[in-house]
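Fair warning: this is a prediction, and the values are worked out from it, not measured in the lab. A, B, ... follow the sequence lines: proteins, then strands. Residue 1 opens every chain.
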There are 2 protein chains.
Amino acid sequence: MVSIKDIAKKAGVSISTVSYALNGSPKVTDETGARILAIAKELNYVPNAAARNLKKRETKIIGVFLTDFSGGFYGNLVQGTKEVLNKKGYDLVVCSGRQSHRMLPERMIDGAIVLDWTFDSEKLLQYADRGHKLVVLDRELNHPNINLVQLDNKAGASLAVEYLIEQGHKKIYVVTGPDNSFDSKQRMHAVHQVVERHSEIELIVIPGDFNKSGGEAAAELLIAEYTAPCAVFCLNDEMALGMYTALAKSDYRIGEQISLIGFDNIEMMDYTTPRLATIDYSKKKWGALAAEQLLKLIAGESVENERVYVTLVKGESVWDRNKELS
Amino acid sequence: MVSIKDIAKKAGVSISTVSYALNGSPKVTDETGARILAIAKELNYVPNAAARNLKKRETKIIGVFLTDFSGGFYGNLVQGTKEVLNKKGYDLVVCSGRQSHRMLPERMIDGAIVLDWTFDSEKLLQYADRGHKLVVLDRELNHPNINLVQLDNKAGASLAVEYLIEQGHKKIYVVTGPDNSFDSKQRMHAVHQVVERHSEIELIVIPGDFNKSGGEAAAELLIAEYTAPCAVFCLNDEMALGMYTALAKSDYRIGEQISLIGFDNIEMMDYTTPRLATIDYSKKKWGALAAEQLLKLIAGESVENERVYVTLVKGESVWDRNKELS
DNA sequence: TTGTAAGCGTTATCAG
DNA sequence: CTGATAACGCTTACAA
């Protein structure tokens, strides 16, 4: 490995001069500076990150922690984050799984954006206590070193259920996410609030897992106890797609006997027939916002928690019962 | 920051003893070892990655370089990689964009898996020359420190074109990837080989970009010059989906006037109607294989280049003209 | 079994 | 403007 020491030797100067030259410090003559740069290039010098990180106590790298790499969900979000970070001289790495959680406390990254329910809140708070900067997208955590950029789950879930009700549905199933998912809890809460305002609605809750398999399982349950047309709100699109696939194999048609709406508007939704209704929001903006907040946090600026707004995407997957009744 | 020095002070031992204890060396008494571990836990000690990396000259982290984070393409591939790496005590980070390329030469990672045509081959060779270990999935590079795990593009493209021909198609459009894409070149080469064996086939090449927009642009061209039923082979699914969307807005129907086949079998394909034909292969296995090869390379074992095999996925998007003719 | 000390490649604080 | 030199936190001979 060629180090600044080698350059110094070859240039006949000291290592500190080399360091200054390499970092574009005005403390070296243009002449020696240029000579050193030339020699560095000639020797194919590349700085050693570990040494620099050790000394400077920063890596200029931000980590994004995701539950998994799959699905059409994360692409745009991470892209939004990356664009903001790169513009500010930071690099981004995407990590997943418990093993990788160590990167934050071990200081391999200068901060983290968390959208990963397998990452313990307790751990996150502990890291924040030690001075690490965090932006969390999937829970509520109150700490000066943690900023929240949350989805407006309440609005989204309300929009979804109200849409079903408006279309004349009385019997509504809801397929939930995992118990420990904050998003799932918030959405469920909003669902209950809306339903309470409509006494005529029959609400049935089916526990899900935010995965395709959860939607498939729910579909089976639905089919088993089917008696009359009903509506289903899957608390995320992944499960809605699972249900879509499962129902395709059954005698029931989405948008006819069974109305369906999801949440997230992942890319796959564009290709379903009938078009599945869902709740949309800009994933890219979400990621970008998270990055901005994190950088402010790192810069020591004070930051308010932010919110990402949602809209309803209608689709033929929801049958308008009013037409039938009129 | 609490360092081993702090632990040493509190335990009344030297830093080396602490280091040995922390690393489970048999050189320390069980008693002092336990005491040190206890103190470490009490102080919330976390090793500093930069210092360890600097000293050990390895990070136990592997980087996966992708062109972008989007689409249903990478999820399973990265998942396969991750599982293999984690099992062997390595962590994985996913990177994208020129900026992040520095991670390899700066030794922030112990090796890289490259599926990113924006990563210069010249640079890769240069890094390999400096001793960095690489597995490349999207090009052909001959170097002792580089291993190839390639898709069987030739078989895939041949399967696709032969399928179209078998179904009675005579006029075949091919939408290519970017000029510098190795996969695109290989697939095109195979296309030409097959077509040469069938003199009755009329082949029209449309330059594409492997993105949705490329497929959309190709669709417009197709519509503009449409005269009779024809078939299209998009060299990847992303473009096939672009064409699918564009044609949905036109008077032409996929599987009727226009037959369509893609390449990759990304998840979105499962939701198209009619089901788009494509070329399938196990992305997870591909990623896992790449990880295994890289670890062998790092361990200094000799490795042969590997190949990932492909299969044809038929779909209603390809019209059987033989029926019509018989 | 434990301690001493050198060094990994940088940066940064002093003197010159 | 340039050069010694002391860190940064850790690992690992080698000594004791």
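Between A:Ile7 atom CD1 and D:dT2 atom P there is a gap of 16 Å when expressed in whole angstrom units. If you take CZ of B:Arg107 and P of C:dG9, they are 9 Å apart, rounded to a whole angstrom. Here C:dT2 presents its P atom at 15 Å from CG of B:Asn23, a figure rounded to the nearest Å. The distance from atom CG of B:Leu54 to atom P of C:dA6 is 17 Å, rounded to the nearest whole Å. Atom pair A:Met108:CE and D:dG9:P shows a separation of 16 Å (rounding to whole Å applied). Between the CG atom of A:Asn53 and the C1' atom of D:dC10 there is a distance of 14 Å, rounded to whole Å. The distance from atom CD1 of A:Ile4 to atom C1' of D:dT2 is 14 Å, rounded to the nearest whole Å. The CZ atom of B:Arg52 sits 17 Å away from the P atom of C:dG9 (whole-angstrom rounding).
A donor and an acceptor atom, one from each side chain of B:Thr118 and B:Asp116, are located under 3.5 Å apart. For the residue pair A:Asn53 and A:Thr59, no side-chain donor N or O sits within less than 3.5 Å of a side-chain acceptor on the partner.
A:Val46 comes within 4.0 angstrom of sugar-phosphate atoms only, judged by non-hydrogen atoms across all strands, and of no base. Contacts of B:Thr29 with the nucleic acid, taken as non-hydrogen atoms under 4.0 Å apart, involve only primed sugar atoms and P, OP1 or OP2. Nucleic acid contact for A:Ser16: base, since at least one base atom lies under 4.0 Å from a heavy atom of the residue.
Taking the ring centroids of B:Trp117 and B:Phe182, they lie at or beyond the 6.0 Å cut-off.
Ranked by how close their nearest DNA chain D nucleotide is to the 5' end, A:Thr32 and A:Ile15 are led by A:Thr32. Residue B:Val13 is the one, among B:Val13 and A:Lys56, whose nearest nucleotide of DNA chain C lies closer to the 5' end (criterion: closest heavy atom).
When distances run from any side-chain atom of B:Val28 to the nucleotides D:dC10, D:dA4, C:dT2, the shortest one goes to C:dT2.
Relative ring orientation between A:Phe65 and A:His101 is described as perpendicular, the plane-to-plane angle rising above 60° on a 0-90° scale split at 30° and 60°.
Put simply, A:Tyr20 has no side-chain N or O that comes within less than 4.0 Å of OP1 or OP2 on C:dT13. An OP1 or OP2 oxygen of D:dT2 is reached within less than 4.0 angstrom by no side-chain nitrogen or oxygen of A:Thr17. The side chain of B:Ser3 places no N or O atom within less than 4.0 Å of a non-bridging phosphate oxygen (OP1 or OP2) of D:dG9. Considering only side-chain N and O atoms, B:Ser19 lies under 4.0 angstrom from the phosphate OP1 or OP2 of D:dT11. The phosphate of D:dG9 has OP1 or OP2 within less than 4.0 Å of a side-chain N or O from A:Arg57.
Side-chain to base pairing of A:Lys55 with C:dA12: no donor and acceptor N or O lie closer than 3.5 Å to each other.
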Should A:Val136 and A:Ile146 be marked as a side-chain contact (heavy atoms from CB on, under 4.5 Å) after you check the CA-CA gap, both sets of side-chain angles, and the distance that decides it?
CA-CA 7 Å; A:Val136 300; A:Ile146 302 181; 4.0 Å; yes
